[in-house]
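Report on the structure given below.
Chain identifiers are assigned alphabetically (A, B, ...) following the order of the sequence lines, protein sequences preceding nucleic acid strands; residue numbering begins at 1 within each chain.
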Protein chains: 2
Amino acid sequence: MKNIADIAKLAGVAKSTVSRYLNGGSVSEVTKRKIEDIITETGYMPNAFAQSLKAKKTNIIGIIVPQLDSYETSQTLIGIDQQLRALNYLMLVSHTNRNLEREIENIYTLAKQKVAGIILLATQITDRHVQAISEIDIPVLLVGQHHDEIHSLVHHDEEAGYAMGKYIIEQGHRRLAFLGVSETDIAVGVKRKEGFKRATRDVNNCEVRYFETKANMREVAANALDIFNDFFPSALICATDEIAIGAVKAAYTKGMHVPANLSVTGFGGYEITAMMHPALTTVQFYFIEAGKKAADHIVQLVNGQDIPMLTYSNFEIIARESVDKRFAPS
Amino acid sequence: MKNIADIAKLAGVAKSTVSRYLNGGSVSEVTKRKIEDIITETGYMPNAFAQSLKAKKTNIIGIIVPQLDSYETSQTLIGIDQQLRALNYLMLVSHTNRNLEREIENIYTLAKQKVAGIILLATQITDRHVQAISEIDIPVLLVGQHHDEIHSLVHHDEEAGYAMGKYIIEQGHRRLAFLGVSETDIAVGVKRKEGFKRATRDVNNCEVRYFETKANMREVAANALDIFNDFFPSALICATDEIAIGAVKAAYTKGMHVPANLSVTGFGGYEITAMMHPALTTVQFYFIEAGKKAADHIVQLVNGQDIPMLTYSNFEIIARESVDKRFAPS
DNA sequence: CTGAAAGCGCTTACAG
DNA sequence: CTGAAAGCGCTTACAG
């Protein structure tokens, strides 16, 4: 492997001239061509460490993900990667397997690797997160959760919950079960539920009950429909598509028909929800767009530019087959 | 941010002593403690570039993935990340969006970043891949596809195809449609089909027809069942779970019942296949295991150790509800 | 437009 | 066990 000194010697110029050529500094046409020839000839590639060591910055953005095998994560990463590439950055991905301890650890590890910035696909922000983030002195962007002191990009969970509530009410349903997740997850466990509450609380003759489950389709499929006891909702609003998929499975297993016996909805807009039978009514979030925006934001932060502390990503209700129209009592 | 010189000064020793402490060289107990104190006090972290520049190696493994949003990729990455972490390596992920051009480009980019090794989640290996890989002088491991000149880790696609063929025949099916993908994908498009052929070709009174589709559930759902024309198979063997999911949807859309009117099978063992209605009979590959093994292998290659050029990962047939038992003509 | 020199923050023989 | 010095491969003022 050749280094810049070799190239300089072969081209008959100084190292600094080669460096200038590489970085778009002013170099005469003749010199430029000479260097160019040598570089293509030798296949020379500058050593990224030496560059980074000297320039004190890297073109790597670290991404911390709690869960690699979810549609949401994949789509968000695709968006991030795409925009990062356009901005000439690379993506160092670190998987935490939903382990908060490991999340904190990774913040320090990435800092040590001198990444230019960090995007944290967050599920829960603890004080230790905040402390780690403040210690490392590297820009950090939260995606999916919001914290007052850290730049955040979130989906419009509360509004989405509200829209879903409105929709279900409009379809005439009045006995509703909301199947949510732990409130430690503010975005999914609290915001979506709150929005739903806001949409349904002033509706006449409407009974809503709230339940909690693990956000894992297998467990939901196995247990979800047993938690209602003697309550028989006409519609089941699930806080994620995964939960909804499990719930539909559970319904079939019990011999119930969706939506004839039970309407089911999700949140997310996972591709698979269009393939289900019946196709799932859900909230479409725009993960790829959010990922791109996240990449834009972290790079702006890296460059010292100013961005809003909190940004919302859009959503849309996708009405499909899993919700029945009922005649509501007036 | 402090550097090694600051630490040395504060501890009253030479930089080389601090370096030795950091790298586990021989340092007296007293000195060790002094340095330790200063480091925890200052929160000092060595600059990874300077380390890498000098030591001429990094702890980063580059991963090139064609498609981030597939169960297979996610699971494989989880396995890779997990084992890489155990071996003290980090994972630089680069997404190519199934663009071969970008795949080649990424090989060079990662080489420039001086990653210690590269894992390529491959779909197709062209001459240009081979050339790029030979040029960069960094160990490369192929996962999912096999090439004679490059270390490869593959699923046992041919055997899996064979096992699926045997299984379908055992269930009494004799009018079979195999819905495969382009032969440019050797593992999925050629090997699985060949295995299936081997299992079915000597069976009496058995008619098998081969079709090709895009490996995308939406397209399959829209078109898959129209390509048979006047051929009415009792079983449809799909080369991937995605295709099978699309095919089941297509069947429902046409008012057919699975498996009563048409049995359907997949390959992969995606989590969602257990949640479908009916649950899908498929081949389970062990992606996480494969990922871990891939991580082991690339690190062994990085360390100059010898590993076999070709390694197979296991599989298993998962018999579920999407295949009917028929009485075969004898 | 070009070159010589210093320095980024480490590690590694080498000498003691 | 410890330290002084050289060097990894770049970039960046600075001077010309």
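- Considering only residues two or more places apart in sequence or on other chains, A:Arg98 meets the salt bridge (Lys or Arg N to Asp or Glu O under 4.0 Å) condition with none of them.
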In a table with atom names and distances, give each donor-acceptor pair under 3.5 Å that connects a side chain of residues 21-29 of chain B to protein atoms at least two apart or in another chain.
from: B:Tyr21; atom 1: OH; to: B:Glu36; atom 2: OE2; distance (Å): 3.4
from: B:Asn23; atom 1: ND2; to: B:Ser19; atom 2: O; distance (Å): 2.8
from: B:Asn23; atom 1: ND2; to: B:Ser19; atom 2: OG; distance (Å): 3.4
from: B:Ser28; atom 1: OG; to: B:Thr31; atom 2: N; distance (Å): 3.3
from: B:Ser28; atom 1: OG; to: B:Thr31; atom 2: OG1; distance (Å): 2.5

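- For A:His155 and A:Tyr286, the gap between ring centers reaches or exceeds 6.0 Å.
- Residues A:Ser94 and B:Arg85 are in side-chain contact: their nearest non-hydrogen atoms beyond the backbone lie under 4.5 Å apart.
- No salt bridge links B:Arg33 with B:Asp37; every basic N to acidic carboxylate O contact stays at or beyond 4.0 Å.
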Starting at the 5' end of DNA chain D, write a dot or bracket for each base, bracketing those in Watson-Crick or G-U wobble pairs whose two distances are under 3.5 Å and using | for partners on another strand.
-> |||.||||||||.|||
Letter by letter from the 5' end, nucleotides 6-16 of chain D scores (B base, S sugar-phosphate only, - none; protein heavy atoms under 4.0 Å) -BBBBBB----
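- Residues passing the side-chain hydrogen bond (donor to acceptor under 3.5 Å, both in side chains) test with B:Gln113, sequence neighbours excluded: A:Asn59.
- In the region residues 26-34 of chain A, proximity to DNA chain C at under 4.0 angstrom, judged on heavy atoms, holds for A:Ser26, A:Val27, A:Ser28, A:Thr31.
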Begin from the C-alpha positions of A:Leu110 and A:Ile60 and carry the test side chain to side chain contact (heavy atoms under 4.5 Å, CB included) through to its verdict.
-> CA-CA 10 Å; A:Leu110 290 174; A:Ile60 296 181; over 6 Å; no
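- Between B:Asp296 and B:Lys292 no salt bridge is recorded (no basic side-chain N to carboxylate O distance below 4.0 Å).
- Residues A:Phe285 and A:His156 keep their aromatic ring centres 6.0 Å or farther apart.
- Considering only heavy atoms from C-beta on, A:Ile61 stays 4.5 Å or farther from A:Leu90 through its side chain.
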